[in-house]
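These notes are about the structure you will find just below.
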Amino acid sequence: MASFLSTPFTLPNSKVDQLSSVAQRHLFLHSFLPKKTNYNSNSKASLRVKCNAIGNGLFTQTTQEVRRIVPENKKNLPTVKIVYVVLEAQYQSSVSAAVRELNSKQKDASFEVVGYLVEELRDKTTYETFCKDLEDANIFIGSLIFVEELALKVKAAVEKERDRLDAVLVFPSMPEVMRLNKLGSFSMSQLGQSKSPFFQLFKKKKTSSAGFADSMLKLVRTLPKVLKYLPSDKAQDARLYILSLQFWLGGSPDNLQNFLKMISGSYVPALKGTKMEYSDPVLFLDNGIWHPLAPCMYDDVKEYLNWYGTRRDANEKLKSSTAPVVGLVLQRSHIVTGDDGHYVAVIMELEAKGAKVIPIFAGGLDFSGPVERFFIDPITKKPFVNSVISLTGFALVGGPARQDHPRAIEALMKLDVPYIVALPLVFQTTEEWLNSTLGLHPIQVALQVALPELDGGMEPIVFAGRDPKTGKSHALHKRVEQLCTRAVRWAELKRKTKEDKKLAITVFSFPPDKGNVGTAAYLNVFSSIFSVLKELQGDGYNVEGLPETSEALIEDILHDKEAQFSSPNLNIAYKMNVREYHALTPYAAALEENWGKAPGNLNADGENLLVYGKQYGNIFIGVQPTFGYEGDPMRLLFSKSASPHHGFAAYYSFVEKVFKADVVLHFGTHGSLEFMPGKQVGMSDVCYPDSLIGNIPNVYYYAANNPSEATIAKRRSYANTISYLTPPAENAGLYKGLKQLSELISSYQSLKDTGRGQQIVSSIISTAKQCNLDKDVDLPEEGVELPTKERDLVVGKVYNKIMEIESRLLPCGLHVIGEPPTAMEAVATLVNIAALDRVEEGISSLPSILAESVGRNIEEIYRSSDKGVLKDVELLRQITEASRGAITSFVERTTNSKGQVVDVSNKLTSILGFGINEPWIQYLSDTKFYRGDREKLRVLFEYLGECLRLIVADNEVGSLKQALEGKFVEPGPGGDPIRNPKVLPTGKNIHALDPQSIPTTAAMESAKIVVERLLERQKIDNGGKYPETVALVLWGTDNIKTYGESLAQVLWMIGVNPIADNLGRVNRVEPVSLEELGRPRVDVVVNCSGVFRDLFINQMNLLDRAVKMVAELDEPAELNYVRKHAIEQAETLGIEVREAATRIFSNASGSYSSNINLAVENSSWNDEKQLQDMYLSRKSFAFDSDAPGAGMSEKRQVFEMALSTADATFQNLDSSEISLTDVSHYFDSDPTNLVQNLRKDGKKPSAYIADTTTANAQVRTLSETVRLDARTKLLNPKWYEGMLSSGYEGVREIEKRLTNTVGWSATSGQVDNWVYEEANTTFIQDEEMLKKLMNTNPNSFRKLVQTFLEANGRGYWETEEENIEKLRQLYSEVEDKIEGIDR
């Protein structure tokens, strides 16, 4: 518990938490809802949060002194001093043992040694000691130095002493460090250049570092024999280098003793005359099978299994053919250096659980060969194992160096069993990890969590710690037990019959309301569950009593059949009394601090804890409880989130221990389990997500476009994520007045030179005003005579605006799992895929090919159309239409009469085979674009054909079945299918990307364009002045989809460039000169989402270093606003400039969001000030690159002062599927009104949104974007009819958009009155629509009515009194109706 108690909370003893959520809601809504409920609540909140960084503020508190040995040297022998630097500590005990043994013999020489872990060199004083140690050293040894910033430090220090040192030996590391090698005449200074003879040995086609290490191993075996017979010194020196490598890889104290004797005797001048005897290296197998009780290492799996069958210490159960078999992947260096205690513990624990174990190891960095060799039966090609745990923590191919993920995936697909990658602590000691709120060290997260995920690895459980004194690994017994239990549970899935398997499907209900059961992004949850269960039933699973339709399924779960009177309750599946709850939930007492004694008031009836849901045979469908504090504004103000409540814990105890699920399936994006408090990554057993999920294998359906939160689910709830498609996108189209406008514009174009031109323009102006376009376009007064040129410009601007609305993409309806889109539904997606240039693949975009065919450049057309030049707006419309036409004709040729894509590849071959008959050429020949470049078109359409095949492929149910059968689910990237079609087909185990690979060069280029447009726009709106500070938000998913574009925007605002190392990892930045920048450096206040903080802590470190570096540049204040503000703030606060330049903020570790979204969704807030306090209290935790180990520490004063200088707020929209009102995250992170309150002059900052969803990137104001969103979604018949076709879930989607619009009113005040007015006309004034909504989902309809009343009550919507009266009446009606239904 220690790690948990270092952050104590005291919670308010508020009366509010004793009310039901509905009652709590009345507290805040009583002023604008017709019913009156009198509650008085008095709550005093008190809060203590302490977060203490220890020691030097870094992760690694150990020092070199535990690895220093100074000899007594009584005989005055020559002393040899050795300094070594390694990545991990497993060599420490072996080297120390070797040196002690040599010194005890007191023969020839005495040895002094000191060792450093590469991570320790971050500390300034440690680094100084290291440089000092090198000054009188004889020998330097380095191994596995792959972290660039530290590699450069090692290089700088050793380079200074290299000529003086007697020997420098560097084993596989980054090339910069490898070049330091020197042994007599042998050197690697030319490594990487073709003339280096040593490099020639490794020349292969583009070897990856993994291949490099493997070819090195082969050489190590053969070269010494060859070199022995070459007379030259050069050859002998090379031979000794190779022998050194053999000794080092052999790693045992004996090998290391002989290694030190050999190098000292050969190269230390003081020992020149002495003949130091040494033996040849004792060689261990490079690859093989190792078991601590086996007499030897095996390189044949059959021999190993024979030995296993004759073991005397094993019981018959373990030897029987029915025992589950678990494969282990181990690091050879741990075995040869004798640092294997943690491996032994895992093997013993698995065997104690009745599982056979096959532990394999490899000496190189490529484990794919050994995996195939030892885990797969060469004859039957079936796996010997039922699940695999890698205990190395590294990617399967390439370890810490360059990875080869496709090769790893190929090996794991052949193996086809669940693949778990557990973690030994590398850079931290056990105590440091336990005390850290972040959990694992960021570099370890990048190397050992993010990279294995790209192979399909899951469940990053920390199973071994490290002793600070000896550096040895030791097992963490509770974690080992959990890891082994989970591995055996996954293995069992392969062996259990389908009809016996128990599956707990978990749905979410957020915000808590009966109309919201089954919430998930873009997913029709109940229809999906129904279709999945039908499939499973056909497959042999026991789904007894499944209703006939998905509607009946909803009824079963939503209504408590026994409730005789109005019941807000769902169907109760189980009542758990308090005694049983305590018996099943070992951590129950820890929840009392936040929630009092069980059962509490949430998911409880006063005596029992209630589990809601329904069981069908062996399938349980349950409703996950919510956070529990969403209705209590006092709790929402806390800077750290509360623990789960008793009802939440009881739900998971029921699933694991009462229902005894073999697997839990979390259905859709997303629940709250993975967002519970605890370490960010690498949890301990007191972290709540870890306690809740327990030992149940977790499969999770996740939206393919949300890789960031999917990654949180993987790391914090050990989920095997399976992606599902978002609904097919369509163009928004035009309706009502907008359609009329479009018709007027086309008649203007044909009649503008006749006498009717002026008259039509007047109609265009008045219609545009009726459509409220006057806010987006400067319209002249009606009836004013305009010269032709100006008329064209007015029409051009209106035309451009409605084209923007018409072509906006929207996902229509909701996706049902296992129902891929038809080909024609895929057209809009393909048109958008075709609109992007893909330089690295040599593909030109369709609009650019069409523009070139009429002698124009597409970028020019975009620019000039944005300005409203009529002929270019028209040309752009023709290009858009031709793109759609050409792609439609292409898709029609690949589909059958039912509109399904049939055998795409054959049809494509025939289409792509004939020059003249290509359908797109036929289509374009009738347009002005008939001269389009045929070759470019052919390349593009080949690519689109491949994309079409992926869009309509379907493996969502297939992958679920694989997971349930204990097979391997193929990994794949998450993201936007338009930017990155590799996201398709869905049904993959979603992963993010290597966090150190962003921002990419392409992202940096795109970012520069957006930043320059943003600054231009702000100058226009701000009297020609640059903004001094921009407050902006970084999201996890956006940066994954765009490879770090918004991250790059921050760097470009302050004027720095990211610098990648030769492995393509970005760990450094350099300032751009003011001359090159051509403008002042703009200050930033960066609010990172909690998810970004978890995924990209390395990049937060990079940003913080960049901002502080810029604040310390010696530049004039008027050209460096970062420096200007930091100096002012440092003076005011009495702190150093470097600390005052803190600009990178987020939540406290383990907490997410500002809670404004919860307050708005649950109407649990009094006034805007309260929302702003939530933002400040939860978002004011800073990351400090000078003390990264301290995690997130509260710096509220600096945060407020920095925000008070903001002239603009800024967010990015990067994909057509998620816009401002689709999710609550965007307004939850919007500080517009808050900044106005913090500014001394009380001026409202400009608010901008960059929209990079199309090839024509735009920077709009927030209010323009909200209007665009309302027109294309909420008020657009195409969108709301599409939603209503999904029934129950569709009504909720409409209500959610309106609630999110109120959210924008509350945080920014940028929503126009007409938006609410039109929504009221659309959904409330139209009687037919009203009835449809009320009957389909009365609970969500009630919330919709309540939201209208709330918008009016809070002053966001002014309207006729009769409208309000009607809404009040409706509210009472729907209340009665709901109560009537439940009766």
Side-chain angles (χ1 to χ4, degrees), residues 324-329 355 358 360 366-377 380-397 403-422 449 451-461 483 486-496 498 501 503 539 662-663 665 696-702 704 710-711 713-715 718-724 953-974 982 985-991:
V325 185
V326 178
L328 296 179
V329 179
I358 304 181
I360 67 166
D366 179 355
F367 289 92
S368 59
V371 159
E372 290 183 35
R373 210 174 114 202
F374 300 127
F375 287 162
I376 297 175
D377 187 322
T380 64
K381 298 284 178 258
K382 288 205 169 121
F384 286 122
V385 291
N386 307 118
S387 66
V388 169
I389 313 174
S390 166
L391 298 179
T392 66
F394 285 121
L396 195 71
V397 180
Q403 293 72 37
D404 184 345
H405 299 294
R407 188 149 143 225
I409 291 166
E410 188 191 343
L412 291 166
M413 298 272 287
K414 276 188 203 159
L415 187 60
D416 203 17
V417 299
Y419 172 57
I420 293 172
V421 180
V449 182
L451 295 177
E453 282 170 351
L454 306 184
D455 296 342
M458 54 186 192
E459 309 209 354
I461 295 172
L483 171 68
R486 294 187 64 84
V488 171
R489 295 284 294 268
W490 276 111
E492 292 289 356
L493 291 178
K494 198 131 195 154
R495 303 142 38 90
K496 212 166 185 178
K498 289 176 186 167
K501 247 176 235 172
L503 172 65
D539 213 26
D662 291 297
V663 184
L665 168 61
I696 328 168
N698 179 11
V699 180
Y700 209 139
Y701 266 134
Y702 230 90
T711 302
K714 290 167 79 103
R715 293 178 188 176
Y718 310 138
N720 189 348
T721 50
I722 296 178
S723 62
Y724 62 81
D954 167 43
N955 198 25
E956 292 170 357
V957 181
S959 294
L960 172 68
K961 287 180 180 172
Q962 278 175 295
L964 296 180
E965 287 162 31
K967 293 181 177 165
F968 181 72
V969 178
E970 182 183 356
K982 291 195 182 79
T986 45
K988 288 181 179 161
N989 182 355
I990 309 179
H991 59 69

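Heavy-atom basis, side chains included; hydrogens, waters and symmetry copies ignored.
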Spacing of [atom1] belonging to [X] relative to [atom2] belonging to [Y], to within rounding of 0.5 Å:
X: Phe374; Y: Ile360; atom1: CZ; atom2: CD1; result: 6.5 Å
X: Lys961; Y: Asn955; atom1: NZ; atom2: CG; result: 10.0 Å
X: Leu396; Y: Leu415; atom1: CG; atom2: CG; result: 9.5 Å
X: Ile409; Y: Tyr419; atom1: CD1; atom2: OH; result: 10.5 Å
X: Asp404; Y: Asp455; atom1: CG; atom2: CG; result: 9.0 Å
X: Asp662; Y: Ile696; atom1: CG; atom2: CD1; result: 10.0 Å

Heavy-atom pair with the smallest gap, counting every atom of [X] and [Y]:
X: Ser368; Y: Ala411; answer: CB-CB, 3.8 Å
X: Ile722; Y: Ala963; answer: CD1-CB, 4.2 Å
X: Trp490; Y: Ser387; answer: CB-CB, 4.5 Å
X: Gly456; Y: Phe968; answer: O-CE1, 3.8 Å
X: Leu451; Y: His405; answer: O-CE1, 3.4 Å

By side chain to side chain contact (heavy atoms under 4.5 Å, CB included) - contacts of Lys494 (at least two apart): Asn386, Val417, Lys967
Under 3.5 Å, is there a donor-acceptor pair between the side chain of [X] and the main chain of [Y]?
X: Lys982; Y: Gly972; answer: no
X: Asp377; Y: Phe384; answer: no
X: Asn989; Y: His991; answer: no
X: Ser959; Y: Lys988; answer: no
X: Thr721; Y: Ile990; answer: yes

Is the closest side-chain heavy-atom distance between [X] and [Y] below 4.5 Å?
X: Leu483; Y: Leu391; value: yes
X: Lys501; Y: Glu965; value: yes
X: Glu453; Y: Pro971; value: no
X: Asn698; Y: Glu459; value: no
X: Phe375; Y: Val329; value: yes
X: Met458; Y: Val969; value: no
X: Tyr701; Y: Ser723; value: no

Ionic contact status for Arg489 with Glu492, cut-off 4.0 Å: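 No salt bridge links Glu492 with Arg489.
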